[in-house]
Amino acid sequence: MGIADRKNREKQALRERILGAARRIVMRDGFAALSMRKIADAIEYSPATLYLHFASRDEIARALCEEGYAQLLGSFAPLAQIADPRERLHALAHAYVGFGREHAQTYRLIFMENPSYTGAALGGAKKEGEADDDAGDAAFRLLTDALAALKADGRVPADADPATWAEALWATLHGIVALSLTCPVFPHAPLETIVDTTFDAWFGAPSAPARARGGKPVDAGPAAPAASPATRAAARSRKPKAPSS
DNA sequence: GTAGATCGGCAACTCAAGCT
DNA sequence: AGCTTGAGTTGCCGATCTAC
């Protein structure tokens, strides 16, 4: 412990203050309102000082994306323990859409602002104990693992590629979030209902016990999964296809 | 009415100089 | 010596003007 250590701590602390101020501005006013001068004003330093800690405004934005994506992954972590793959996917979908709505500015910044920000988030926000692959892989694997398990159970077509299905499912969920953030008239139904309906369309209605475990009302009548696109696809033995928009 | 030129404001970024 | 700053440069963008 010496002078160099103290200076490193102070440098790190200032970096955190910069990120904190930037985060507050983005949360309050949106990314478009984020400027180096506003950040500098907020932390009571000159704009030039910011460039000693971050090369550019973009670098600050990318750091915020990494933070936000790590937060999203954190919300997924406890759901990965759910044993039933359909329930797990269902919970992940609700968590994803919920995050998008509750952290709208963060979600916009990560996925709707700049492709390089998305890349930084997916590649940079590593979770504890996951040094070998990037955060994007970690999230994606949650989806592919669940889909592979559903495939093994015969709940998705035998020729389904879990990775392709995972991409399609992610794209669907992103569409739900993006529309809810940008389209004032979407959705008419509650978002939870939209997610549930999407799941029923993809995988068929869940069994009554599964719904009950998920806190949803138990239907009086029998479940009718045979009407789902997934099971129809299985019956026709054709390639999987995401629902068209 | 439209397209191009000009202007002004704003923000990112740089740098020389002062401060501790 | 290293840090911080104010002033300055550069570039972008929207508003306004002007010629056709």
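Quick caveat, the model's predicted, so the values are computed rather than measured. Just so we're on the same page: letters track the sequence lines, and every chain starts at 1.
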- prompt: Stepwise, does the side chain to side chain contact (heavy atoms under 4.5 Å, CB included) test hold for A:Asn114 with A:Phe31?
  reply: CA-CA 11 Å; A:Asn114 182 323; A:Phe31 178 67; over 6 Å; no

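Using a 4.0 Å heavy-atom distance criterion, A:Ser35 is classed as a sugar-phosphate-only contact. Within the 4.0 angstrom heavy-atom criterion, only backbone atoms of the sugar-phosphate kind lie near A:Leu34; the bases stay farther away. Across all strands, A:Arg37 comes closer than 4.0 Å to base atoms (heavy-atom distances).
For the pair A:His53 NE2 and C:dT5 P, the computed distance is 10 Å after rounding to whole Å. Nucleotide C:dT4 holds its C1' atom 15 Å from the CE atom of A:Met36, rounded to whole Å. Here the P atom of nucleotide C:dT5 and the CG atom of A:Leu14 are 10 Å apart, to the nearest Å.
Here the two rings, on A:Phe99 and A:His103, have centers that are under 6.0 Å apart. A ring-centre distance under 6.0 Å is not found for A:Phe199 and A:His94.
Closest-nucleotide positions on DNA chain B for A:Lys38 and A:Ala48 were compared, and the one nearer the 5' end corresponds to A:Lys38.
Ring-plane geometry between A:Tyr96 and A:Phe76 is classed as parallel, the angle between the planes falling under 30 degrees on a 0 to 90 degree scale with a further cut at 60.
Interface limits on DNA chain B: the 5'-most and 3'-most nucleotides within less than 4.0 Å of chain A heavy atoms are B:dA11 to B:dC15.
Side-chain N or O atoms of A:Arg155 include none that pairs as donor or acceptor with a backbone N or O of A:Pro85 at under 3.5 Å. Under a 3.5 Å cut-off, the side chain of A:Arg57 and the backbone N or O of A:Ser35 do not form any donor-acceptor pair.
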